[in-house]
Chemist: 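Quick one: this structure, given as C-alpha cells, is what I'll be asking you about.
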Amino acid sequence: MRYAKSSTTSRRNLLLGTAAAGALFAAGCTSNENNDDGDNAKQAANTADDKPGKAVTIGFAGPQADHGWLNAINEQAKRRAKEYKDVHLEATEGSNDTAQQIGQIETLINKKVDVLVILPADGKALTQVGLKAMRAGIPVVNLDRIFASPQAYRCWIGGDNYGMGLNAGRYIGEQLKGKKNAKVIELAGIDNLELTRQRTEGFNDALKNYPNIKKVGRQAAEFTVESGQAKMAQLLQAHSDFDALWNHDDDQGVGAERAIKQAGRDDFLMVGGAGAKHAMDAIKADNSVLKATVLYPPTMAASAIDLARALGQGKGVGGLAELEIPASLTLYSAVVTKDNVDEYLPTGFS
C-alpha cells in the first residue's frame with residue numbers, strides 16, 4: 001500500500017501507517033456527491049478522531065526488547081498511548097520465551113482489557129492465546145509477526161518484508177543500470193526466519209529487471225553487530241570487486257560498516273534495512289558507503305494503538321468509507337536517501 005505525502009501533518013500520519021493520504025483517524029470519512037447529509041453525519045460519527053471519547057484499556061504484549069527495532073516498537077506504543085486521554089495502556093515486560101509471553105497475555109485477558117495489541121515472539125506458537133482472547137470477546141490487533149489463523153485476530157498491521165527486498169533491489173538497480181556486468185552482494189538476516197527469506201525473494205525479483213546486474217555473494221548474519229561484522233568480513237574477503245551491497249538490518253549494519261572500514265573499502269554503495277537513526281545520520285552526512293536504507297517502520301506500533309483505540313470505541317478509520325477498521329494494513333517500505341532523509345529522521349530508532 002502506498003501513501004501520498006503533501007504536508008507536515010500528512011507525512012507524520014504516513015509514518016504512523018495510515019490507510020490513506022489524509023490524517024489517520026481524522027474526523028470525517030471519504031464521501032462522494034451522492035451521499036446525503038444524514039449519511040455523512042453518520043459516517044463522521046462512527047470515525048475515531050483525536051477528541052477524547054469512550055475510555056479504552058489496551059493490553060500491549062510484545063517480545064523482549066533485545067534489538068533496537070524491538071525497543072522502538074515498545075517506545076512507539078507507549079508514547080502513542082500517552083497522547084490519548086481516553087486510553088489506559090497495560091503493557092507487559094515482554095519476553096522471547098513463548099510460554100512466558102502466553103502467560104503475560106493470559107494475565108491481560110483475565111484483567112478483562114478492552115483490546116489487545118500483540119507482537120508475538122512466535123506467531124504460530126501464540127495463535128491459541130490469540131484465539132482465547134477473541135473467544136473471550138477481546139479483539140486482538142496482531143502486530144507484525146502474524147498468527148497462524150485469521151480467527152486469532154481482528155486486525156493485522158505490519159511491515160512488508162518482500163517489499164523491503166523489492167525496493168532495495170530497485171534502488172540498487174537504478175543506481176547501476178548504466179554499468180556493464182555490475183555485481184552485487186547481500187548480507188541477509190537469520191535464514192531460518194520467514195521474513196529473511198521474503199526479503200531475499202523480493203531482492204532477487206527486483207534484480208531480474210536489470211539484466212546487467214548479477215548477485216555474486218550472500219551471507220546470513222543474525223541481526224547483531226557482532227554477526228554483521230564477522231559475516232561482512234567474509235564477504236569482503238571472498239569478493240574483491242563488487243558494486244553494491246544490501247544489508248537486511250541496520251543494527252547488524254553497524255558491524256558490517258566496521259568490517260568495511262577495517263578493510264579500507266569504499267568502492268561500492270551500501271543499502272541498509274529497517275531505518276535506524278545511525279543509518280539515517282550516515283546517509284545525511286553522505287561520507288560513507290551507506291547511501292540508503294529501506295524502512296521497516298517501528299511506527300507500526302503507534303498505529304496499532306490507534307487501531308486498538310478505534311476498535312475499543314467501535315469506530316472506523318478516517319479517510320476510508322467503511323464503518324469498520326480494515327482486516328489488515330501492510331506498511332510501505334520507503335527508501336530513505338539523502339534527498340528525503342530529513343522527512344524520516346524523526347522515526348529513526350536507536
Chemist: Identify the heavy atoms of Ile305 and Ala77 that sit nearest to each other, and give their distance.
Modeler: CG1-O, 3.6 Å

Chemist: Show which residues join Tyr153 in its hydrophobic cluster (side-chain heavy-atom contacts under 4.5 Å, direct or indirect), or state none.
Modeler: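 Its cluster mates, by chain and number, are Ile102, Ile105, Leu108, Ile109, Val113, Leu116, Ile118, Leu126, Val129, Met134, Ile138, Val140, Ile146, Phe147, Trp156.
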
Chemist: Cluster question for you: counting only ILVMFWY and a side-chain heavy-atom cut-off of under 4.5 Å, with indirect links fine, are Leu311 and Leu320 together?
Modeler: yes

Chemist: Could you check if a side-chain atom of His248 sits within less than 4.5 angstrom of a side-chain atom of Phe203, using non-hydrogen atoms only?
Modeler: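 Sidechains of Phe203 and His248: no contact.
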
Chemist: Salt-bridged, Asp86 to Lys54, with N to O below 4.0 Å?
Modeler: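 Salt bridge absent between Asp86 and Lys54.
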
Chemist: Tell me whether the count of non-hydrogen atoms from other residues, nucleotides or ligands lying under 6.0 Å of CD in Gln234 goes above 12.
Modeler: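 Atom CD in Gln234 is crowded, with more than 12 foreign heavy atoms closer than 6.0 Å.
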
Chemist: Would you mind telling me which of Arg170, Lys177, Glu174 makes a side-chain hydrogen bond (donor to acceptor under 3.5 Å, both in side chains) with Tyr210?
Modeler: Glu174

Chemist: With no hydrogens and no angle check, just 3.5 Å: does a side-chain donor-acceptor pair link Asp160 and Tyr296?
Modeler: no

Chemist: Go through the side-chain N and O atoms of Glu222 and Ser227 and say whether any donor and acceptor fall under 3.5 Å apart.
Modeler: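 Glu222 vs Ser227: no donor-acceptor pair found between side chains.
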
Chemist: So, Arg309 side chain and Val87 main chain: donor-acceptor pair closer than 3.5 Å or not?
Modeler: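 Here the side-chain-to-backbone pair does not exist.
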
Chemist: Find out if a path of hydrophobic residues (ILVMFWY) with successive side-chain heavy-atom gaps under 4.5 Å connects Val254 to Leu187.
Modeler: no

Chemist: Test your reading of the model: is there a side-chain donor-acceptor pair from Thr347 to the backbone of Tyr344, 3.5 Å cut-off?
Modeler: yes

Chemist: Taking atom NZ of Lys277 as the centre, report whether more than 12 heavy atoms of other residues, nucleotides or ligands fall under 6.0 Å from it.
Modeler: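 It does not: Lys277 NZ has 12 such atoms or fewer within range.
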
Chemist: Give the C-alpha distance, both sets of side-chain angles, the deciding distance and a yes or no for side chain to side chain contact (heavy atoms under 4.5 Å, CB included) between Met270 and Glu257.
Modeler: CA-CA 9 Å; Met270 175 178 173; Glu257 291 174 75; 4.1 Å; yes

Chemist: Do Asn204 and Lys215 pair up side chain to side chain, a donor and an acceptor below 3.5 Å, judged on atom types alone?
Modeler: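 Their side chains do contain a donor-acceptor pair, which is all the 3.5 Å distance test asks for.
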
Chemist: Less than 4.0 Å between a side-chain N and a carboxylate O, is that true for Asp281 and Lys284?
Modeler: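 Looking at Asp281 together with Lys284, the answer is no, because their closest N to O distance does not fall below 4.0 Å.
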
Chemist: Main chain of Thr337, side chain of Asn340: is a donor-acceptor contact present, judged purely on distance under 3.5 Å?
Modeler: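 Yes: the side chain of Asn340 pairs with the backbone of Thr337.
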
Chemist: Are side-chain heavy atoms of Gln219 and Ile185 found at a separation under 4.5 Å?
Modeler: no

Chemist: Any heavy-atom pair between the side chains of Leu70 and Phe223 that's under 4.5 Å?
Modeler: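 No. Closest side-chain heavy atoms not under 4.5 Å.
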
Chemist: Pairs of donor and acceptor atoms involving the side chains of residues 55-67, under 3.5 Å and at least two apart or interchain, shall be tabulated with distances.
Modeler:
residue, atom, partner, partner atom, Å
Asp66, OD2, Asn96, ND2, 2.8
His67, ND1, Trp69, N, 2.9
His67, NE2, Asp249, OD1, 3.3
His67, NE2, Asp249, OD2, 3.4
His67, NE2, Asp251, OD2, 3.4

Chemist: Where is the tightest heavy-atom contact between Ala301 and Gln76, given as atom of each residue plus distance?
Modeler: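 Taking Ala301 first and Gln76 second, the nearest heavy atoms are CB-CB, 4.0 Å.
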
Chemist: Is it true that, when you exclude Gln151 itself, more than 12 heavy atoms of the residues, nucleotides or ligands shown sit nearer than 6.0 Å to its CD?
Modeler: no

Chemist: Would a distance-only check, ignoring hydrogens and angles, find a side-chain to backbone donor-acceptor pair under 3.5 Å from Asn142 to Cys155?
Modeler: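 Side chain of Asn142 to backbone of Cys155: no pair is present.
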
Chemist: Side-chain heavy atoms under 4.5 Å apart, restricted to Ile/Leu/Val/Met/Phe/Trp/Tyr: what other residues fall into the cluster of Tyr162, or is it alone?
Modeler: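 Tyr162 clusters with Leu166.
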
Chemist: Do NZ/NE/NH1/NH2 and the carboxylate oxygens of Lys124 and Asp122 come within less than 4.0 Å?
Modeler: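 No.
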
Chemist: Side chain of His278, backbone of Asp250: donor and acceptor closer than 3.5 Å?
Modeler: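 A pair under 3.5 Å: yes.
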
Chemist: If you define the side chain from C-beta out and look only at heavy atoms, does anything of Val271 sit under 4.5 Å from Leu245?
Modeler: no

Chemist: Could you report the tightest heavy-atom contact between Ala274 and Thr293, atom names first, then the distance?
Modeler: N-OG1, 3.9 Å

Chemist: Do Arg218 and Asp191 meet the salt-bridge criterion of a basic N to acidic O distance under 4.0 Å?
Modeler: yes

Chemist: Between the side chain of Ser240 and the main-chain N/O of Leu236, is any donor-acceptor distance below 3.5 Å?
Modeler: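 Pair absent, no side-chain N/O of Ser240 close to backbone of Leu236.
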
Chemist: Backbone N or O of Ser288 within a donor-acceptor pair of the Lys291 side chain at under 3.5 Å?
Modeler: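 Yes, because the side chain of Lys291 sits within donor-acceptor range (under 3.5 Å) of the backbone of Ser288.
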
Chemist: If we only count heavy atoms from C-beta on, is the Met300 to Ile73 side-chain gap below 4.5 Å?
Modeler: yes

Chemist: If you measure from the Lys or Arg side-chain nitrogens to the Asp or Glu carboxylate oxygens, is any gap between Asp243 and Lys183 under 4.0 Å?
Modeler: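 No salt bridge links Asp243 with Lys183.
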
Chemist: If hydrophobic clusters are built from ILVMFWY residues whose side chains come within less than 4.5 Å, do Leu295 and Leu195 share one?
Modeler: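 Leu295 does not cluster with Leu195.
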
Chemist: Taking all heavy atoms of Ala148 and all of Thr127, pick out the closest pair and write down the distance.
Modeler: N-OG1, 2.8 Å

Chemist: Considering non-hydrogen atoms only, spot the tightest contact between Gln101 and Leu119 and give its length.
Modeler: NE2-O, 3.1 Å

Chemist: With a 4.5 Å heavy-atom cut-off, do Ile260 and Phe268 have their side chains touching?
Modeler: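 Heavy-atom side-chain distance check passes, below 4.5 Å.
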
Chemist: Quick one: do the Gln104 and Ser95 side chains pair a donor with an acceptor below 3.5 Å?
Modeler: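 Absent: no donor and acceptor within the cut-off.
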
Chemist: Is it true that a side-chain atom of Arg145 and a backbone atom of Ala121 form a donor plus acceptor pair closer than 3.5 Å?
Modeler: yes

Chemist: Is the closest side-chain heavy-atom distance between Thr224 and Gln252 below 4.5 Å?
Modeler: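 A side-chain contact is absent here, since even the closest heavy-atom pair is not under 4.5 Å.
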
Chemist: Following the transitive rule for hydrophobic clusters with a side-chain heavy-atom cut-off under 4.5 Å over Ile, Leu, Val, Met, Phe, Trp and Tyr, establish whether Leu193 and Leu143 coincide in one cluster.
Modeler: no

